[in-house]
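Take a look at the structure below.
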There are 2 protein chains.
Amino acid sequence: MVRKTKEEAEATRLQIIEAARRVFLECGVGSTSLEKIAAAAGVTRGAVYWHFKNKTDLFFAMREDAVLPFLDRVVFDAEANDPLGGVEHALQEIIRILVDQAQTRETFEILAFKCEYVGEFSSMKGCTAGQMDFLGMLTDAYRRAAAKGQLRLPADPEMLAYDTFLFVGGLIKHWISSTPDERFRTDAERFITQHVALRRA
Amino acid sequence: MVRKTKEEAEATRLQIIEAARRVFLECGVGSTSLEKIAAAAGVTRGAVYWHFKNKTDLFFAMREDAVLPFLDRVVFDAEANDPLGGVEHALQEIIRILVDQAQTRETFEILAFKCEYVGEFSSMKGCTAGQMDFLGMLTDAYRRAAAKGQLRLPADPEMLAYDTFLFVGGLIKHWISSTPDERFRTDAERFITQHVALRRA
DNA sequence: TTTTATACAAACACGAATGTATGTAAATAG
DNA sequence: CTATTTACATACATTCGTGTTTGTATAAAA
């Protein structure tokens with residue numbers, strides 16, 4: 001029919017990604033047909049197959065779209081003279097992202113509860129590279145905190161990092177699966193504050 | 001064909017459940033057909049539909065089969081005079097169950113990574129009743145520990161319980177998705193010991 | 001300006017999964 | 001010992017999703 005300009009084509013590509021996120025969230029990745037996504041995006045399967053190789057390709061495109069802004073915002077300042085405060089700040093920032101970035105929150109919910117890690121997906125089942133990066137950054141931050149005498153002794157920075165890493169994993173999972181009035185959401189900030197306070201000298 | 005006795009019928013029922021667990025683990029719940037399960041169990045779909053209403057029914061039967069032994073083993077002794085040690089013991093017991101109860105471990109892996117919580121499954125997406133029980137038992141244990149002066153001050157038992165609850169959630173998830181040589185498995189006991197030590201007065 | 005590649009829509013062909021219905025031999029009830 | 005129910009296997013009908021192919025109006029390239 002009417003051929004679109006490059007800009008319009010890119011717009012429909014984004015429409016498809018957004019529609020996929022909505023439908024994945026509601027129906028699960030496995031039981032979502034490309035027909036449903038196409039309908040939700042106001043196009044036909046032809047458009048979906050034009051922009052994406054198949055459902056898996058579309059899934060990973062949707063994932064990139066939401067994970068990249070996440071990596072930008074969660075950072076540890078290696079120069080600051082309050083490394084422990086930096087850890088707390090980074091964790092609080094994660095919660096803030098979940099609060100105000102709907103696409104990131106929804107994508108995390110899809111990744112955690114609406115997706116089966118099998119076949120092509122099994123590669124990212126456990127720790128992604130990004131997650132291990134986060135663990136490494138936590139370790140570095142605790143090492144700097146230890147060097148500044150901020151940590152309660154005896155303290156092994158690496159072990160503390162694992163403890164925090166596991167805490168954050170659980171927190172994100174339960175935050176996502178909660179309703180806004182449940183304590184995992186209402187008290188998330190306090191949980192973080194207390195978690196870090198347990199380490200303070 | 002040959003009609004089986006009641007005992008034989010119950011045996012094939014268990015065969016089907018075990019086959020379902022294997023196939024769910026390999027293929028994911030959503031993309032597992034009842035034909036695959038039947039073949040893996042050495043029966044036909046007729047047998048599956050005889051014993052279970054449909055795939056969802058079979059899934060929940062498999063879940064019960066593995067979760068019940070779990071609840072029996074993870075307990076907090078309310079009478080002991082070392083509540084904090086009881087917490088550590090209970091957490092270590094969880095890891096021991098994952099190590100030596102293959103069916104429980106595999107079922108947890110299915111629940112965490114091979115299942116989409118949508119439709120009939122969405123009810124158990126977040127915290128099951130059993131999980132909230134566990135949180136309550138943790139809180140009670142920390143309260144008793146506080147009463148005995150075992151906790152480092154200032155300490156809010158309930159907040160400590162949430163911190164531990166989130167830690168355990170992350171630990172189970174990462175333990176399950178790890179290979180036996182990865183640190184989440186090799187060092188799980190140390191993580192627990194250190195986690196509890198952080199609270200000790 | 002002509003040509004070509006683009007951005008889809010529409011139609012087609014195929015397999016796969018589901019639920020049900022039917023058949024049946026043997027266990028069990030009476 | 002007969003009648004009935006059980007514990008499946010087998011066959012059937014139908015729906016649904018996928019990947020591909022074809023058609024086409026138009027934007028962009030030459």
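All figures in this text were calculated on a predicted structure; none of them were measured in a lab. Chain letters run A, B, ... following the sequence lines, proteins first and then strands; every chain starts at 1.
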Length of the [atom1]-[atom2] vector between [X] and [N], whole Å:
| X | N | atom1 | atom2 | result |
| --- | --- | --- | --- | --- |
| A:E35 | D:dG19 | CD | P | 14 Å |
| B:L14 | D:dC8 | CG | P | 12 Å |
| B:K6 | C:dT28 | NZ | C1' | 8 Å |
| A:E10 | C:dT6 | CD | C1' | 14 Å |
| B:E8 | D:dC8 | CD | C1' | 12 Å |

Using 4.0 Å as the upper bound for N to carboxylate O, is an ion pair formed by [Y] and [X]?
| X | Y | value |
| --- | --- | --- |
| B:R199 | B:E88 | no |
| B:D100 | B:R73 | yes |
| A:E93 | A:R96 | yes |

B:R13 vs B:E8, test: salt bridge (charged side-chain N to carboxylate O under 4.0 Å, His left out). Steps then yes/no.
CA-CA 9 Å; B:R13 194 189 116 96; B:E8 289 173 317; over 6 Å; no

Report the nucleotide, chosen from D:dA28, D:dA7, C:dC8, that has the shortest atom-to-atom distance to any side-chain atom of A:A47.
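Of the candidates, C:dC8 comes closest.
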
Specify the residues of residues 49-59 of chain A, ordered by number, for which at least one heavy atom lies under 4.0 angstrom from an atom of DNA chain C.
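Residues of residues 49-59 of chain A under 4.0 Å from DNA chain C: A:W50, A:H51.
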
Among residues 36-45 of chain A, which contact DNA chain C at a heavy-atom distance under 4.0 Å?
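Residues of residues 36-45 of chain A under 4.0 Å from DNA chain C: A:V43, A:T44.
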
For salt bridge (charged side-chain N to carboxylate O under 4.0 Å, His left out), just list the numbers for A:R21 and A:E18, CA-CA rounded to whole Å, side-chain angles, deciding distance to a tenth of an Å, and then say yes or no.
CA-CA 5 Å; A:R21 178 156 34 231; A:E18 289 167 20; 5.8 Å; no

For B:H174 together with A:F165, are the ring centres under 6.0 Å from each other?
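Judged by ring-centre distance (under 6.0 Å), A:F165 and B:H174 do meet the cut-off.
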
Is the distance between the ring centroids of A:F184 and B:Y162 less than 6.0 Å?
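Yes: the rings meet the under 6.0 Å criterion.
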
Below 3.5 Å, can you tabulate the donor-acceptor pairs from side chains in residues 36-52 of chain A to any protein atom, sequence neighbours excluded?
residue	atom	partner	partner atom	Å
A:T44	OG1	A:G46	N	3.3
A:H51	NE2	A:T12	OG1	3.3

For B:T12 and D:dC8, is the shortest distance between a side-chain N/O and OP1 or OP2 below 4.0 Å?
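It does, given that an N or O in the side chain of B:T12 lies less than 4.0 Å from OP1 or OP2 of D:dC8.
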
B:A9 or A:S31, whichever maps to the more 5' nucleotide of DNA chain D
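This one resolves to B:A9.
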
Determine whether a donor-acceptor pair (N or O, by modelled atom type, separation under 3.5 Å) exists between the side chain of A:R105 and the backbone of A:L98.
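Checking the backbone N and O of A:L98 against the side chain of A:R105, a donor-acceptor pair under 3.5 Å is found.
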
Return the 5'-most residue of the pair B:E7, B:S33 with respect to DNA chain C, ranking by each residue's nearest nucleotide.
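Closer to the 5' end of DNA chain C: B:S33.
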
